[in-house]
A.B. asks: 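Next up is a structure, given as structure tokens.
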Amino acid sequence: MTRSQAGVLDALIRRGVTDVDDSPLARALYSSDSSLYRVVPQVVARPRHRDDLLAILDVAQETGAPITMRGAGTSIAGNAVGSGIVVDTLKHLNKVVSIDAEARTAVVQPGVVHADLQRAAAPYGLRFGPDPSTHTRCTIGGMIGNNACGSRALGYGRTVDNVVDLVVAHGPGAADVEAALGALVDQHLAHIRQGFGRFSRQVSGYSLEHLLPERGRSLDRLLVGSEGTLAMILEATVSLVPEEDDRLLVLLGYPSMVDAADAVPALLAAGDGRLIACEGLDRRIVDLVRSRGNEVPELPRGAGWLFVEVAGADGSAVAAGLVAASGALDSRVVSDLVESAALWRIREDGAGLAARSLGRPAYSGWEDAAVPPQHLGAWLRDFDELLREHDLDGVPYGHFGDGCVHVRIDFPFESGGAEDRGRRVFRDFLTASALKLREYGGSLSGEHGDGRARSELLPLMYDAESIALFAAVKAICDPANVLNPGNIVDPVPLDADLRATRPRLPLTPALRFAHDGGSLGNAVHRCTGVGKCVAPRTNGVMCPSYLATRDEKDSTRGRARVLQEALDGSLVNGLSDPAVDAALDLCLACKGCASDCPTGVDMATYKAEALFQKYDAPGAKARRPRSHYLLGRLPRWAALAAPMAPTANRMMKLGAVARIAKATAGIDQRRSLPTFAPKTLRRSLTGRVPEHAPAGALRDTTPPDVWIWADSFTDHFLPQTAHAAVRVIEAAGLTVRVIEDDACCALTWITTGQLGKARAIMARTVGALAPYVASGVPVIGLEPSCLATLRGDAVELSDDPRAAEVAAGVLTFAELVEKLDLPLPDLRGVEIVAQPHCHHAAVLGWAADERLLTRAGATVTRVAGCCGLAGNFGMEKGHYEVSVAIAETHLLPAVRANPGAVVLADGMSCRVQLDDLAGVPAMHLAELLASRIAR
């Protein structure tokens, strides 16, 4: 710790700011936002109330430490990183203070999440108009900082159009700010009138037009878009608009994105002010969604689309007029809200998806330039030419109705080195683009701010008088230059502080990382910081522990940042550093990020590799915890206990024995111990005669119609699940047998990083299952976590081509029922609360299960999120409280709200959690269907 760093920390504590942290972990977590930049702060402060913010300003005046305000860290231009005090408002300053339904206003703290404000306003039939794609986690303070707009700015305006009042504190030494600014503007009235506010997305620099007398001399509106360089926001009053529930989504298909851009002016004219949104989306983004196994609603023919939204009683007539004026290849009008939401989700995930839609990683930097909409098509043509000239590629999308284009570009940063080609190309391309943009009277930023990426380029957009005005405004509002210095005024070079993208610590991974060039470093750099994992509420799985703790270190992004720092930074000293342990400790290895993260971060896999490197890699000296040897090798102990399972179960019911066993295994004493099956699945089904066979019939040795893979958990703990599946299959007149080979998936070895042993186990299992899969007879797995391991981890552990064949060839029970079109029982009147296992939802997909239940007539409440147990995680000492908190985010409230419902949970972990915490018995889908079949 440096002396200045300690002085800042001590000063903050003396002034009552208690939630402060200068540990390597915290500084690593906050050294990056969603941009390309890395700037290590001295201290991270998480203010709890307004007085803390004022105290932070006092400390900045005393120590000279700069202040960088940060909400959810979704800033793409490097606006939310700084070398002094990074102020996280998301953690505590996240309240909606009040809503005045009659005045249609809301008072909020700066860290309130956009989606939380929408939820608070919804009971009044109101909403906050602007809605960025990051609305599930971006903060209102952050939106004010960047003048965020979002998809529906055509209908509801930008953030600046929706700010009523701001309570702020300017920099130390600021005085008579309004009077001084008024005098400055009066000296430059003609210049400001001519050069500012020329079109809606002119966001770059300071929006001085709001200080004009005819604009009401609004200091509040000047501060919107100033990126925290002029004032610290303490509280905001924003306007609300009526929610419209009769929206129609008009989908228009074009040969290319350039053709879609050409159509925008005609659509704006035909819409005559009625358009709520007009968004562009490239085919490559949609193709990536499909390639990941996700369903995409029907889109019109084309390679580029416009999503145009209208509302009102005459919405159908407006939509018809738009289609007629569009010149599109094809069109669709979508009125179904569920289908519309699915389409908007693809658009919202655009930034993350675009980062992975090319042959090499794509980056922000030239992210959201805007031109007057009438020039959009011409600008895109020139932009495509610039990309080709620099041997680059990018996937455009964005707010086409406002002339604002988002794009991620494949700058060659991976070449490494301080003076490498990537940096030169980055600088050359951004400069050339800024010069070309000037020809169209465009703005470097249309809503994300200038930040470190574009502030240096402002003299290419504005003349010398404007640049001097920006400096004068900064000097009036922040004379000590402590508020986010280096942005807009006196900028740092655009290629300074770029994050490394290749590891400085070479290592040989145990896993293949086939999608990332065999590199853990490449894999962890999939995280671009878009922050979908820090949404305070979710309908997916990611990220369970963050939902429980709301701590950045427990988010997928936080963990990725720490791993990046361990591999190519300076704060965290390799994968054995305590900061890595702290970041990975509460990772459940749930795989939720693998499906929910737009860039495909798979933290469960990264954690397994990190544990292997710490404990087993050549030169590793750390000693594994006992739980790794016991819980991490559970299938082995279960196999040893199988011959004496009844005796083992009786012994575990003795209190003293159970306590000793738990203490030895590193299990929390509040947890129950799993009960071994009296007879394993393979023993109980080997030699079995089918239930409906003729009397005296012998075991049939011909190949069956269906094989059941006896995974370790079904085999040793829940064989009744397989018996139920057998009953359902045989009721359809088919034969079914269990595979007798010992074929463990090595799940528990993988989750504890014992990858050498896991590789050997998986190789044996692939060899055992391959002939069954190759035979063409369907093979099913019944424990979701084991089947997901087979599908996902087999190819990570082995390059044997049979591994991919086995991974693709083993079906879930629901997939089998659909494939063979097995008859379903009548489930009308049955209410079901379904908790899909995390691995089921993330890797296998739960859509087939949901279709079956719906087709059978059941009423299904699907629980989002994770149960919180996640195999060995929730059993281990030190995780119990978090495990319970995770269960309370979704699962337990859903069970309590539906007391008469059937609880469906295919995963053993989910069933154990429900039994331990709620005393609720749960069923596997096979057991539910079997229970409704007449004998």
Side-chain angles (χ1 to χ4, degrees), residues 544-545 548-549 554 581 584-592 604 607-608 611 615 624-641 645 648-649 651-655 657-677 711-714 716-718 744-754 758 783-786 788-789 835 837-839 865-889 891-892 905-920 922:
S545 52
T549 69
D554 299 320
D581 291 339
L584 294 180
D585 179 48
L586 297 186
C587 173
L588 285 77
C590 69
K591 292 278 188 180
K607 179 178 181 179
L611 290 173
Y615 294 116
R624 287 184 174 277
R626 284 199 304 270
S627 63
H628 285 198
Y629 295 106
L630 295 163
L631 292 174
R633 300 177 182 182
L634 181 60
R636 172 182 292 176
W637 310 128
L640 292 174
N649 289 335
M651 292 294 293
M652 289 302 105
K653 289 181 180 178
L654 300 175
V657 174
R659 285 192 294 274
I660 293 171
K662 291 176 186 178
T664 302
I667 296 174
D668 191 283
Q669 292 292 339
R670 290 163 287 188
R671 284 295 181 189
S672 64
L673 293 172
T675 301
F676 298 110
D711 65 82
S712 296
F713 293 106
T714 304
H716 293 288
F717 298 100
L718 296 170
C744 176
C745 69
L747 168 62
T748 57
W749 282 269
I750 293 170
T751 57
T752 51
Q754 301 178 73
E783 167 55 45
S785 61
C786 293
T789 302
Q835 169 68 61
H837 189 284
C838 292
H839 292 179
C866 177
C867 75
L869 188 66
N872 59 293
F873 173 84
M875 302 292 288
E876 292 173 344
K877 289 180 181 177
H879 293 164
Y880 182 82
E881 284 76 13
V882 171
S883 176
V884 174
I886 292 169
E888 286 289 357
T889 59
L891 176 58
L892 296 183
D906 287 4
M908 178 176 167
S909 291
C910 307
R911 296 203 230 184
V912 170
Q913 184 79 315
L914 283 161
D915 189 50
D916 274 5
L917 302 185
V920 173

A.B. asks: Examine distances only and state if a side-chain atom of Q835 and a backbone atom of G865 form a donor-acceptor pair shorter than 3.5 Å.
C.D. replies: yes
A.B. asks: Any side-chain to backbone donor/acceptor pair from H879 onto G868? Under 3.5 Å, distance only.
C.D. replies: no
A.B. asks: Starting from the C-alpha separation in whole Å, work towards a yes-or-no answer on side chain to side chain donor-acceptor pair (under 3.5 Å) for T752 and R624.
C.D. replies: CA-CA 9 Å; T752 51; R624 287 184 174 277; 4.8 Å; no
A.B. asks: Any side-chain heavy-atom pair from R671 and Q913 closer than 4.5 angstrom?
C.D. replies: yes
A.B. asks: Within the structure provided, determine whether L917 and L891 are in side-chain contact (heavy-atom separation under 4.5 Å).
C.D. replies: no
A.B. asks: Would you compute the distance between atom CG of D906 and atom OG of S785 and round it to the nearest 0.5 angstrom?
C.D. replies: 10.5 Å
A.B. asks: First locate atom CG of L673, then atom CD1 of I667, and finally report the distance between them rounded to the nearest 0.5 Å.
C.D. replies: 5.0 Å
A.B. asks: Working note: N872 + S627, criterion side chain to side chain contact (heavy atoms under 4.5 Å, CB included); need CA distance, chi angles, decisive distance, verdict.
C.D. replies: CA-CA 8 Å; N872 59 293; S627 63; 5.6 Å; no
A.B. asks: Walk me through it: do R626 and E876 pass the test side chain to side chain contact (heavy atoms under 4.5 Å, CB included)?
C.D. replies: CA-CA 10 Å; R626 284 199 304 270; E876 292 173 344; over 6 Å; no
A.B. asks: How about E783 and L747: do any of their side-chain heavy atoms sit closer than 4.5 Å?
C.D. replies: no
A.B. asks: What distance separates L640 CG from R633 CZ, expressed to the nearest 0.5 Å?
C.D. replies: 12.0 Å
A.B. asks: Would you compute the distance between atom CG of L718 and atom OG of S712 and round it to the nearest 0.5 angstrom?
C.D. replies: 12.0 Å
A.B. asks: So which of M652, M908, H716 actually passes side-chain contact (heavy atoms from CB on, under 4.5 Å) with P674?
C.D. replies: M908
A.B. asks: Distance check, rounded to the nearest 0.5 Å: L892 atom CG versus I886 atom CD1?
C.D. replies: 11.5 Å
A.B. asks: Are side-chain heavy atoms of R670 and E881 found at a separation under 4.5 Å?
C.D. replies: yes
A.B. asks: Are C838 and K591 close enough that some pair of their side-chain heavy atoms sits under 4.5 Å apart?
C.D. replies: no
A.B. asks: Take D916 and S672 through the test side chain to side chain donor-acceptor pair (under 3.5 Å) and record every step on the way to the result.
C.D. replies: CA-CA 7 Å; D916 274 5; S672 64; 2.6 Å; yes
A.B. asks: With heavy-atom distances below 4.5 Å as the criterion, would you say the side chains of F873 and S545 are in contact?
C.D. replies: no
A.B. asks: Within the distance-only criterion (no hydrogens, no angle test), does the side chain of R911 pair as donor or acceptor with the backbone N or O of A905 below 3.5 angstrom?
C.D. replies: yes
A.B. asks: Got a donor-acceptor contact below 3.5 angstrom from the N649 side chain to the T675 backbone?
C.D. replies: no
A.B. asks: For the residue pair D711 and C745, establish whether any side-chain heavy-atom pair is separated by less than 4.5 Å.
C.D. replies: no
A.B. asks: Given L634 and F713, is the side chain to side chain contact (heavy atoms under 4.5 Å, CB included) satisfied, shown in steps?
C.D. replies: CA-CA 9 Å; L634 181 60; F713 293 106; 3.9 Å; yes
A.B. asks: Assess the residue pair H837 and C910 against the criterion (side chain to side chain contact (heavy atoms under 4.5 Å, CB included)); give the C-alpha distance rounded to whole Å, side-chain angles, the decisive distance to 0.1 Å, and a yes or no.
C.D. replies: CA-CA 7 Å; H837 189 284; C910 307; 4.0 Å; yes
A.B. asks: With rounding to the nearest 0.5 angstrom, report the CD to OH distance, Q754 to Y629.
C.D. replies: 7.0 Å
A.B. asks: Restricting to non-hydrogen atoms, name the atom on A645 and the atom on F676 that form the minimum distance, rounded to 0.1 Å.
C.D. replies: CB-CB, 3.8 Å
